[in-house]
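So you know, we letter chains A, B, ... as the sequences are listed, proteins then strands, and number each from 1.
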Protein chains: 2
Amino acid sequence: MSEVFLKDALVTLKESGVRITPQRHAILEFLISSEQHPTADEIYKALEADFPNMSVATVYNNLRVFRNAGLVKELTYGDSSSRFDFVTHDHYHIICDVCGRIVDFHHPGLEEVEHLASHVTGFKVNSHRLEVYGTCPECAS
Amino acid sequence: MSEVFLKDALVTLKESGVRITPQRHAILEFLISSEQHPTADEIYKALEADFPNMSVATVYNNLRVFRNAGLVKELTYGDSSSRFDFVTHDHYHIICDVCGRIVDFHHPGLEEVEHLASHVTGFKVNSHRLEVYGTCPECAS
DNA sequence: TAAACTAATTATAATGATTATAAAGAAGTA
DNA sequence: TACTTCTTTATAATCATTATAATTAGTTTA
């Protein structure tokens with residue numbers, strides 16, 4: 001399953017003229033396999049063993065490359081550092097107020113909200129962002 | 001109208017044992033009158049004339065105090081600095097991808113989404129966050 | 001009202017995430 | 001193989017935010 005995502009991602013990159021380097025391959029692979037929405041630093045640390053000489057800048061640079069290619073979404077919450085999420089299909093996030101864990105969930109798109117917003121404000125709507133906050137089962141017990 | 005908001009806010013603060021200083025008064029007043037969702041630095045600069053000796057730390061400290069009191073919401077987007085929004089009644093934001101302008105709009109709460117999220121993930125839901133992105137009428141023309 | 005207690009402000013330094021820069025290295029191409 | 005261009009690395013710079021310590025100012029109570 002995740003193999004397919006990786007292959008598709010590599011094709012997407014190649015088509016937009018981006019070179020596939022071992023570092024890029026590894027960052028993508030880690031992002032896809034990770035269910036944890038990691039920060040740039042977490043990615044950096046996770047790949048330290050395989051790439052002892054890799055620079056943090058490489059991680060940031062490539063996350064930006066992936067984001068521009070539409071492969072990765074950057075999630076910004078109140079805390080200090082961004083988290084990165086490999087884009088598979090549309091899903092929303094629910095975030096635990098206690099431990100910060102981010103869990104995916106699916107919900108039909110909110111077109112009606114987009115329509116209303118467009119109607120009221122006169123904006124031409126492109127997209128929306130929705131997050132739900134609460135307490136995860138582990139922290140609740 | 002905004003006078004009422006200010007008075008209510010001051011009462012709320014007093015009730016939670018927070019002292020009303022001239023700086024706090026000014027920051028609140030500016031936040032309420034502003035339709036621009038300012039950054040901490042914008043608040044600091046706006047009050048520079050009236051409070052030449054005020055420290056940036058004071059702005060940050062008090063924004064945190066207001067946030068803890070539930071008077072102010074912190075908005076974090078991709079860009080570097082947070083924006084702060086005085087809480088009146090529930091409303092959502094639509095953000096222009098071109099110029100970054102943030103406009104308020106109202107929409108009935110999305111309880112059904114919260115319910116579904118809770119059901120699927122087992123979380124105890126507290127709140128949610130929704131933002132719509134697009135192009136504002138000015139930038140579209 | 002004035003002393004006393006405590007919280008708030010100020011000035012400054014520190015932190016920490018992210019970005020910029022320049023040199024070295026590697027991928028793709030003729 | 002030599003060339004061009006993109007990528008990585010190492011490091012320094014930037015910038016928002018927070019921590020610290022000393023000073024100042026609200027608030028309380030006698």
Do the rings of Tyr77(A) and Tyr133(A) sit parallel, tilted or perpendicular, given the 30° and 60° boundaries? perpendicular
May I ask you to say what Thr58(B) touches in the nucleic acid, namely base, sugar-phosphate or nothing, with a heavy-atom cut-off under 4.0 Å? base
Hey, is the side chain of Tyr60(B) poking within less than 4.0 Å of OP1 or OP2 on dT18(D), counting only N and O atoms? no
For Ser34(B) and Leu31(B), indicate whether the former's side chain and the latter's backbone hold a donor-acceptor pair under 3.5 Å. no
Using a distance-only test with no angle check, is there a side-chain donor-acceptor pair under 3.5 angstrom linking Glu74(A) and Ser82(A)? yes
If you assign Thr39(A) and Pro52(B) each to the DNA chain C nucleotide with the nearest heavy atom, which residue ends up on the more 5' nucleotide? Pro52(B)
Find the distance Ile27(B):CD1 to dT10(C):P and express it as a whole number of Å. 9 Å
Starting from C1' on dA7(C), measure out to CG on Asn61(B) and report it in whole angstrom. 11 Å
Once you round to the nearest 0.5 Å, how far does CD of Glu29(A) lie from CG of Leu6(A)? 5.5 Å
Can a side chain N or O of Thr21(B) be found less than 4.0 Å away from OP1 or OP2 on dT9(C)? yes
Without decimals, in angstroms, what is the distance between Asp79(B) CG and dT19(C) C1'? 15 Å
5' precedence on DNA chain C between Asn53(B) and Arg64(A) (nearest-nucleotide basis): Asn53(B)
So, does Asn62(B) get its side chain near the phosphate of dT9(C), meaning an N or O under 4.0 Å from OP1 or OP2? yes
What is the separation between atom OH on Tyr77(B) and atom P on dA16(D), rounded to the nearest whole Å? 17 Å
Just so I know, are the side chains of Leu71(B) and Leu13(B) near enough to count as touching, which here means a heavy-atom distance under 4.5 Å? yes
Starting at atom CG of Leu13(A), determine the distance to atom C1' of dG28(C), rounded to an integer number of angstrom. 16 Å
Rounded to whole Å, NE2 of His25(B) lies from P of dT9(C) at a distance of 14 Å
Grab the NZ-P distance between Lys14(A) and dC6(D) for me, whole Å please. 17 Å
Students often get this wrong, so: under 4.0 angstrom with heavy atoms, is Ser82(B) touching a base, only sugar-phosphate, or nothing? sugar-phosphate
Can you identify which nucleotide, out of dA26(C), dA16(D), dT8(D), has its nearest atom closest to the Arg19(A) side chain? dA26(C)
For Ile20(B), report the nucleic acid contact type (base, sugar-phosphate, nothing); a contact means any heavy atom under 4.0 Å. sugar-phosphate
Contact under 4.0 Å: Gln23(B) side-chain N or O vs dA25(D) OP1/OP2: no
Of all the nucleotides listed (dT5(D), dT10(C), dT17(D)), which has the minimum atom distance to the side chain of Ala40(B)? dT17(D)
Does His37(B) reach the side chain of His93(B), with side-chain heavy atoms less than 4.5 Å apart? yes
Would you indicate, yes or no, if dT7(D) has its OP1 or OP2 atom less than 4.0 angstrom from a side-chain nitrogen or oxygen of Arg24(A)? yes
Hey, is the side chain of Ser55(B) poking within less than 4.0 Å of OP1 or OP2 on dA11(C), counting only N and O atoms? no
Residue Val18(A), side-chain atoms from C-beta onward, closest of dT7(D), dA16(D), dA20(C): dT7(D)
Euclidean distance, atom OH of residue Tyr44(B) to atom P of dC15(D) [Å, nearest integer]: 16 Å
